[in-house]
Participant: 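One structure, as structure tokens, below. Some questions next.
Heavy atoms only: backbone and side chains are in, while hydrogens, waters and symmetry mates are out. Since we're looking at a predicted model, the values are computed, not measured. Here is how names work: the chains are called A, B, and so on, in the same order as the sequence lines, proteins then strands, and each is numbered from 1.
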Number of protein chains: 2
Amino acid sequence: MPRTKAQQREATMRALVDEGTRLFAERGYAAVGLAEIVRSAGVTKGALYHHFGSKEELFRAVLRRVQSDVADQVAAAADAEPDTWTQLTAGCRAFLTASSGRSARRIMLIDAPAVLGWNEWRAMDEAASARHLEEALAALVEDGSIPDQPVAPLVRLLSGAMNEAALWIAQSDDPGALDATDRALTRLLHALRAD
Amino acid sequence: MPRTKAQQREATMRALVDEGTRLFAERGYAAVGLAEIVRSAGVTKGALYHHFGSKEELFRAVLRRVQSDVADQVAAAADAEPDTWTQLTAGCRAFLTASSGRSARRIMLIDAPAVLGWNEWRAMDEAASARHLEEALAALVEDGSIPDQPVAPLVRLLSGAMNEAALWIAQSDDPGALDATDRALTRLLHALRAD
DNA sequence: AGCGATACATACCGACGGTACGTGAAAAGT
DNA sequence: ACTTTTCACGTACCGTCGGTATGTATCGCT
């Protein structure tokens with residue numbers, strides 16, 4: 001049991017976000033009641049509503065952490081690469097791996113757009129990961145690696161492609177699905193290159 | 001007022017699916033109560049539960065019709081083209097146009113995966129439209145227009161790209177978003193071509 | 001020590017999905 | 001033609017769930 005109020009607050013919120021993440025990932029937002037979440041977290045509904053304004057807001061907090069985790073893994077993979085092009089391909093592969101995990105799959109890719117609406121989901125996705133994709137593509141267009149073209153539509157196309165691919169990989173019983181998708185995606189990115 | 005029972009059944013189910021489509025498209029599955037649907041359709045909950053086993057099953061019926069409408073538009077556009085390659089590009093453009101409409105956007109692309117789960121959504125999407133994409137790509141690989149490669153991952157990537165792009169187009173206040181996306185997608189498809 | 005703010009816990013409410021049961025008209029059987 | 005069955009509902013009701021109002025113990029500050 002933590003002593004100070006700040007610690008107590010931190011512990012309670014963390015427990016709620018932890019259990020929320022676990023349960024939402026397992027059975028989906030709509031199928032999980034607040035009663036079960038607070039019970040699993042060892043608190044009551046009073047505690048939940050003291051820290052979060054609604055079930056939706058708890059979900060927001062859960063989503064933020066899931067997106068943050070995915071973004072960290074992508075950033076780590078990209079930072080290990082020397083140039084923009086390999087940063088892009090390595091980042092894409094890391095994104096496929098990270099977002100086909102249980103939590104990211106259900107929470108970030110399936111439930112989030114329906115619960116928060118597409119506009120808000122897109123804004124959060126943009127801030128967490130799509131922005132890096134956009135920057136990488138813009139840099140590649142800038143240095144002539146990719147023919148000059150508007151990047152915004154391209155970012156949406158590639159982002160959507162990877163999101164859907166991650167869902168497919170996660171569901172697939174074929175262990176080679178990740179590699180097959182990664183190869184197809186890399187081929188697609190290479191096809192974009194200027195000669 | 002229809003006389004026969006079959007006509008009555010048909011009229012009631014159609015009214016429920018019509019109003020369900022309208023309301024789900026406007027405010028989303030979770031935000032619409034059955035009371036409002038049956039009220040708009042001019043029937044009662046008894047009628048709804050006589051024809052549909054649950055709110056979810058009504059949504060299934062709604063989704064089936066929305067997907068069918070989109071598939072019809074895509075098929076019509078593709079059938080007007082002479083060869084496989086232009087059928088593919090024309091079909092993709094038709095898909096972007098059709099699925100960025102109000103009903104398809106919210107029902108087919110946002111709510112459906114969350115309500116029915118990704119597996120069921122994918123199965124329905126496959127049957128309605130992704131199958132045609134797969135056939136077109138397979139044909140193009142077959143005749144050597146596209147380098148030999150597994151089509152399954154490519155279908156998922158392109159399908160996801162188009163779904164996300166449709167959502168972006170629908171939300172965008174830029175009237176040129178559709179054309180810009182179509183150009184980017186066409187460029188991407190062309191980049192796939194064997195030399 | 002006293003006092004306000006904070007971090008809860010408890011009791012309760014309205015809405016919503018779903019069910020049980022009743023009813024009247026069409027269809028089927030004789 | 002008359003009875004019987006089935007169908008297409010309508011009505012009343014129930015349990016659950018998200019959300020709220022209110023009470024209370026503890027912490028931190030003066």
Participant: Please list residues of residues 40-53 of chain B whose heavy atoms come under 4.0 Å from any atom in DNA chain D, ordered by number; otherwise none.
Facilitator: B:Val43, B:Thr44, B:Gly46, B:Ala47, B:His50, B:His51

Participant: Testing the basics here: between B:Thr21 and B:Ser103, what is the closest heavy-atom pair and its distance to 0.1 Å?
Facilitator: CG2-OG, 4.0 Å

Participant: To check you understand the geometry: which heavy-atom pair defines the closest contact between B:Val70 and B:Ala104, and what is its length?
Facilitator: CG2-CB, 4.0 Å

Participant: Given atom CE of B:Met13 and atom C1' of D:dC7, what is their separation to the nearest angstrom?
Facilitator: 14 Å

Participant: Below 4.0 angstrom from OP1 or OP2 of D:dC9, is there any side-chain N or O of B:Thr12?
Facilitator: yes

Participant: Please enumerate all residues that pass salt bridge (charged side-chain N to carboxylate O under 4.0 Å, His left out) together with B:Arg122, with sequence neighbours excluded.
Facilitator: B:Glu126

Participant: Tell me which residues in residues 21-34 of chain B put a heavy atom below 4.0 Å from DNA chain D, sorted by number, or none.
Facilitator: none

Participant: On the nucleotide D:dT26, are OP1 or OP2 found under 4.0 Å from the side-chain N or O atoms that A:Gln8 carries?
Facilitator: no

Participant: Hey, could you give me each pair passing ring-ring contact (aromatic ring centres under 6.0 Å, His included) that has a residue in residues 61-95 of chain A? Not counting sequence neighbours.
Facilitator: A:Trp85-A:His190

Participant: Give, for atom OG1 of A:Thr84 and atom CG of A:Leu137, the distance between the pair rounded to the nearest 0.5 Å.
Facilitator: 10.5 Å

Participant: Rounded to the nearest 0.5 Å, what's the gap from CG on A:Leu48 to CE on A:Met13? Could you check?
Facilitator: 10.0 Å

Participant: Restricting to side-chain contact (heavy atoms from CB on, under 4.5 Å), what partner residues turn up for A:Glu26, sequence neighbours left out?
Facilitator: A:Arg22, A:Leu23

Participant: I need the full list of ring-ring contact (aromatic ring centres under 6.0 Å, His included) pairs touching residues 160-188 of chain B, with sequence neighbours left out, sorted by first then second residue.
Facilitator: none

Participant: Which protein N or O atoms sit under 3.5 Å from an N or O of nucleotides 28-30 of chain D?
Facilitator:
{"from": "D:dG28", "atom 1": "OP1", "to": "A:Lys5", "atom 2": "N", "distance (Å)": "3.3"}

Participant: Residues two or more places apart in sequence or in another chain: which of them pass side-chain contact (heavy atoms from CB on, under 4.5 Å) with B:Thr86?
Facilitator: B:Glu81, B:Pro82, B:Asp83, B:Thr89

Participant: Quick one: how far along DNA chain C does chain B reach, first to last nucleotide 5' to 3', anything under 4.0 Å to a heavy atom?
Facilitator: C:dG17 to C:dA27

Participant: Excluding sequence neighbours, so at least two apart, what forms salt bridge (charged side-chain N to carboxylate O under 4.0 Å, His left out) with B:Arg27?
Facilitator: B:Glu36

Participant: Measure across B:Val66 and B:Met108 and return the closest heavy-atom pair with its distance rounded to 0.1 Å.
Facilitator: CG1-CB, 4.2 Å

Participant: With sequence neighbours excluded, what pairs up with A:Asp111 under the side-chain contact (heavy atoms from CB on, under 4.5 Å) test?
Facilitator: A:Tyr29, A:Phe59, A:Arg106, A:Val115, B:Ala114

Participant: Taking only residues two or more places apart in sequence or in another chain, which ones pass side-chain contact (heavy atoms from CB on, under 4.5 Å) with A:Thr12?
Facilitator: A:Gln8, A:Leu16, A:Val43, A:Ala47, A:His51

Participant: What is the distance from CD of B:Glu10 to P of D:dC9, rounded to the nearest Å?
Facilitator: 11 Å

